[in-house]
Amino acid sequence: MAAELSLTPARRDIGPLRRFLATRHWTFAAGCTIFSIVLAILLAGPWLWSLDPAAQNIVQRLKPPSETYWLGTDNLGRDVFARLVEGGRFTVTIAAVSVVISVVIGVAVGILAGRIGGWFEEISMRLVDLLIAIPDTVIAIFLVAIFGPGHVTLIVALTIVGWTPYARLARGLALQVNAMDYIRAAEVLGMTRRFILIRHFLPNLIRPISAVTFLRFGHKLITVGGLSYLGLGVQPPAPDWGLMLAAAQPYLDRAPMLMIAPGLAIFVTALSVTWIGHGLEIDRTRPHN
Amino acid sequence: MSHDAETLLSVRDLTVTPTGGGKPIIDGLSLQIRRGEIVALVGESGSGKSMTALAITRLLPRGLRITSGEVVFAGRDVTAMSGDDLNHLRGAGIGMLFQQPHAMLDPTARVRTQVAEPLTIGKGLSRRAAFARVIDLMRSVRIPAPEARAMAYSHELSGGMAQRVMMATALAAEPDLLIADEPTTALDVTVQAQILQLLKAEQARRHFAILLITHDLTVVQAFADRIAVMYAGRIVEEGPAARIMDAPQHPYTRALIRCSLLEPEADGRLLSIPGSGSTARDIGCGCRFAPRCTLARGDSHLHDRCHQAEPGLAGHDHTVRCHASQTASAA
Amino acid sequence: MMKATIPSIARRAAPDYAETSRRDPAFLSVDGLCKYYTWRSFGGSRPIKSLDGVTLRVAKGEIMGIVGESGCGKSTLAKVVTRLTSATAGQITLDGEDWLAPRGEALRRRRPQVQLVFQDPHGALDPRMTIGTAMAAPMAAHGIGTPADRRDRVLAMLAEVGLDESFHDRLPAQCSGGQLQRVVIGRALLLEPQLLVCDEPTSALDASMRTQILNLLMDLRARRGLTMLMISHDLRVVRYMCDRIAVMYAGQVVELADRDHLFDHPAHPYTRALIASSLLEPGGIDLSRHLREGEVPSPLAMPEGCRFASRCPYAQPDCTALEPALKQAGSRHFVRCRHWNTHAAATMPPRG
């Protein structure tokens with residue numbers, strides 16, 4: 001058939017994954033590398049590092065960094081590095097769990113709102129407007145007052161408001177996809193609702209949603225730290241980056257590392273995931289839209 | 001073709017190439033437009049016709065650049081111009097009309113402000129004088145109730161009205177050349193005809209030249225003085241409109257005319273050009289049209305020649321880039 | 001926000017003409033079809049009359065052309081007939097059954113009966129889905145065949161629409177517009193529809209692609225006896241393709257006739273203006289004879305009288321007062337103009 005003539009033997013040599021990676025902004029690679037290192041330390045830390053994060057040693061309190069204590073010790077003589085690794089596991093897990101739940105709820109609500117419209121869209125979007133106006137700190141204080149502090153309270157507090165940006169974004173994207181002719185085609189062809197949702201809507205949402213997920217994840221890390229700092233999250237003696245920051249305050253002049261270490265940990269982790277999100281969002285081979 | 005005083009625009013061996021390298025999308029294009037002449041540049045999508053217009057006004061998108069050739073407008077080389085000269089060229093020398101008039105109008109400004117812009121900024125008229133002139137211009141492009149429409153915003157205008165406003169804006173600058181890139185494609189048929197009639201009437205009255213860029217040969221036939229047909233980045237046939245339409249020499253032109261008329265052949269079917277695409281990207285060393293050409297396929301002697309060597313543009317006043325027709329005219 | 005409303009004239013008198021032909025029992029019949037959208041603003045809401053009492057009969061195997069300019073309601077007609085949007089009033093019967101009745105799953109099951117070919121084939125295919133998947137999935141949704149069976153049918157259909165097997169695994173971005181339009185047509189035909197609605201199937205294509213697609217549609221019609229609704233703004237396309245043609249203006253059918261009759265003896269002034277501006281040499285004729293430089297009436301504020309009166313060179317005082325009905329002008333010719341008899345013969349020179 002002569003119809004083939006126009007075809008360049010397309011870029012089939014390079015797979016979709018490789019093409020995707022090849023067109024990323026440098027922040028994607030940088031973010032991934034840093035975040036993998038952080039994750040590796042957090043996961044492997046307890047095995048690599050023999051010191052017990054809870055072991056107190058009053059004699060060795062507020063020591064500067066040394067060969068035994070890489071980042072020194074705190075006011076109770078506990079090893080800062082061990083506590084950083086242990087605390088990071090709490091902080092990152094709490095942020096991750098709340099983000100994942102938020103994404104699932106938000107995307108589901110957003111797609112339904114964009115696709116079905118009507119009263120469902122009206123109610124859910126007004127709820128989003130309402131919740132977006134309330135800071136999560138306020139909700140956390142409120143929940144802590146009722147249920148007492150703890151991991152679950154923290155996750156719930158973060159999720160109650162956390163799903164709203166995803167719902168807004170997913171609805172916007174769903175509206176965009178819904179305006180495409182291929183959705184009209186799918187309807188006329190009598191495709192099932194499930195097929196339209198899973199094969200047409202979801203694939204179009206994955207990229208922008210995951211970009212925002214990583215961007216928000218960094219933000220969540222900081223919020224978790226902040227809430228713990230205020231005493232609304234993880235409770236002592238369990239370590240947490242925010243809590244460590246709070247506890248370091250009285251000793252700022254004598255042992256600055258107590259403050260710098262958790263602060264830097266939050267900063268580096270948050271920055272790395274934000275970079276991943278940024279890198280996912282931007283295709284460097286295309287001009288900015 | 002010679003440079004004479006009458007020549008307004010002379011494009012010689014213009015080649016436009018992607019910056020990253022690769023095959024040129026416009027390849028050695030030459031085109032002359034005399035003062036007051038209407039030239040139509042006809043081609044299908046991907047043929048490079050719109051890029052030619054952008055290259056002439058130095059408005060090529062990022063990623064494309066002029067690698068060789070010259071564009072001489074009113075005696076000055078456009079390819080060497082920069083800054084103020086280019087602004088002056090685009091503001092006063094060459095006017096432009098585009099396919100989507102709404103996209104070219106500022107949604108936040110009133111119609112009269114936009115039409116007056118070339119008068120206030122370009123010619124230094126006072127706003128008051130300019131606005132009075134705007135009403136005249138709008139009347140000349142037959143916008144009904146121009147006083148009311150001058151105060152409107154672009155979104156309040158229909159497509160046809162918006163294109164008339166664009167025309168008034170272009171005419172306000174009194175250009176020597178108007179480049180119209182598919183000016184009627186987005187409009188309804190009845191409006192299309194009205195806009196073309198209007199364009200021709202204004203051209204006759206003010207005596208500017210027009211470069212009409214279109215994919216539709218039927219639009220061209222009663223409109224243009226000369227027609228240039230583009231295929232895959234090259235001009236394949238160029239000549240007086242009547243001769244091209246009545247006796248096309250290139251098989252592509254011939255097929256394109258039949259295709260645009262949508263009149264059935266003897267067997268009741270429409271003539272179609274087999275295959276698809278006319279982009280310069282996928283071109284071999286022979287004639288660019290050879291893979292889709294019925295002449296090249298039918299004759300084994302021609303077949304080899306057409307696929308191995310690209311024909312040159314030959315002829316006087318009516319030029320053709322085709323081995324078959326050159327052989328025929330030599331015999 | 002647009003939303004369908006019940007119009008005040010929904011129950012107006014029976015459709016003002018009925019097809020006289022007894023030879024062709026109507027396969028598709030559209031009766032008094034209305035589609036009103038609601039324009040909401042601070043001042044309240046007003047209906048936008050996109051379709052206003054459209055009545056058509058299409059025989060089995062017939063190609064009915066719908067022509068008109070943007071905003072005349074022809075695309076809305078395609079949307080209502082393909083059940084992409086609801087009708088405000090009126091009826092559609094397909095092969096004796098009420099086509100507007102089924103809803104939800106019942107509608108989904110019956111969807112294969114009426115298929116649609118889109119204007120822009122690039123938009124009608126999900127860029128992330130291969131051609132093969134896009135063509136096979138609808139069959140799966142209707143429980144047709146096994147996966148292997150569906151693959152065979154897709155390959156056979158690709159051949160029928162003139163594409164080779166290599167297209168099966170391609171993505172839309174690797175195909176040209178003409179090739180994709182073949183895919184869209186093939187995808188629709190795999191469901192063996194009784195009615196194929198083509199909404200400007202060639203206006204996004206180059207001239208050389210356009211004739212390929214039109215030839216393909218004619219071949220498929222000859223082979224499969226397809227009934228088609230051909231919606232286009234291009235008179236050249238409908239003149240080549242259609243058996244009968246309905247001309248629409250401002251939501252109504254203003255003229256309906258057999259193809260040759262319509263082109264040889266156009267009765268409505270708007271039809272004549274359309275023919276003059278698209279078939280004859282543009283610029284070579286004086287269009288002002290056929291068209292005044294008036295504006296198309298806004299669908300928000302339809303005039304009381306004839307909707308074409310604002311652009312009609314023959315408009316009489318009574319035209320703006322009362323709306324004309326679609327009246328018989330010949331055995332198979334209907335026209336919505338009060339004065340067609342007085343000006344028709346005088347203005348249109350015989351063609352040819």
Side-chain angles (χ1 to χ4, degrees), chain B residues 38 42-47 142-145 158-161 164 184-201 215-224 245 252 255-265 268-279 292, chain C residues 67-72 162 175-180 182 202-219 222 232-241 270 273-288 290-296 298 310-311:
Chain B
I38 305 182
V42 183
E44 295 184 285
S45 54
S47 60
R142 286 191 232 141
I143 294 176
S158 66
M161 280 306 143
R164 283 166 204 245
T184 60
T185 308
L187 306 175
D188 282 321
V189 274
T190 54
V191 184
Q192 266 179 28
Q194 285 175 335
I195 294 279
L196 284 175
Q197 269 182 2
L198 190 57
L199 200 55
K200 185 134 187 169
H215 70 281
D216 192 348
L217 263 171
T218 54
V219 164
V220 159
Q221 55 179 348
F223 187 77
M245 294 307 288
Y252 176 66
L256 203 57
I257 292 173
R258 288 303 299 165
C259 282
S260 338
L261 288 175
L262 287 183
E263 273 165 4
E265 304 293 307
R269 294 166 63 82
L270 297 170
L271 180 95
S272 70
I273 306 174
S276 68
S278 59
T279 46
R292 300 174 74 187
Chain C
V67 282
E69 297 180 284
S70 55
C72 74
C175 308
S176 74
Q179 290 162 344
L180 290 183
R182 290 168 188 268
T202 57
S203 37
L205 303 177
D206 275 327
S208 65
M209 295 292 107
R210 183 163 48 198
T211 53
Q212 285 183 13
I213 295 296
L214 294 179
N215 278 338
L216 173 69
L217 283 171
M218 287 310 256
D219 290 347
S232 180
H233 71 277
D234 191 340
L235 274 171
R236 290 173 296 174
V237 170
V238 293
R239 184 183 56 172
Y240 175 68
M241 294 285 293
Y270 178 63
L274 268 186
I275 293 175
S277 41
S278 63
L279 294 179
L280 301 176
E281 298 163 8
I285 52 133
D286 184 11
L287 200 64
S288 58
H290 300 284
L291 215 52
R292 280 200 295 151
E293 305 234 353
E295 284 279 274
V296 183
S298 157
S310 60
R311 296 169 78 194

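Below, each value reflects all heavy atoms present in this structure, side chains not excepted, and no hydrogens, waters or symmetry copies. Treat the numbers as computed from the prediction; the structure is a model and nothing was measured. Chain naming here is simple, since letters A, B, ... match the order of the sequence lines and numbering starts at 1 in each.
Checked by atom type and distance alone, the side chain of C:Arg210 never pairs as donor or acceptor with a backbone atom of B:Cys259 at under 3.5 Å. A distance-only check finds a donor-acceptor pair linking the side chain of C:Thr211 to the backbone of B:Leu271 [under 3.5 Å]. Between the side chain of B:Glu263 and the backbone N or O of B:Arg258, no donor-acceptor pair lies under 3.5 Å.
Considering only residues two or more places apart in sequence or on other chains, C:Ser70 meets the side chain to side chain contact (heavy atoms under 4.5 Å, CB included) condition with B:Asp188.
Using a 4.5 Å cut-off between heavy atoms, B:Leu261 contacts chain C through its backbone alone, with no side-chain atom that close. Contact of B:Ser158 with chain C is made through the side chain alone, with heavy-atom distances under 4.5 Å.
Between chain B and the residues C:Asp219, C:Leu205, C:Val237, C:Asp234, the largest count of heavy-atom pairs under 4.5 Å involves C:Asp219.
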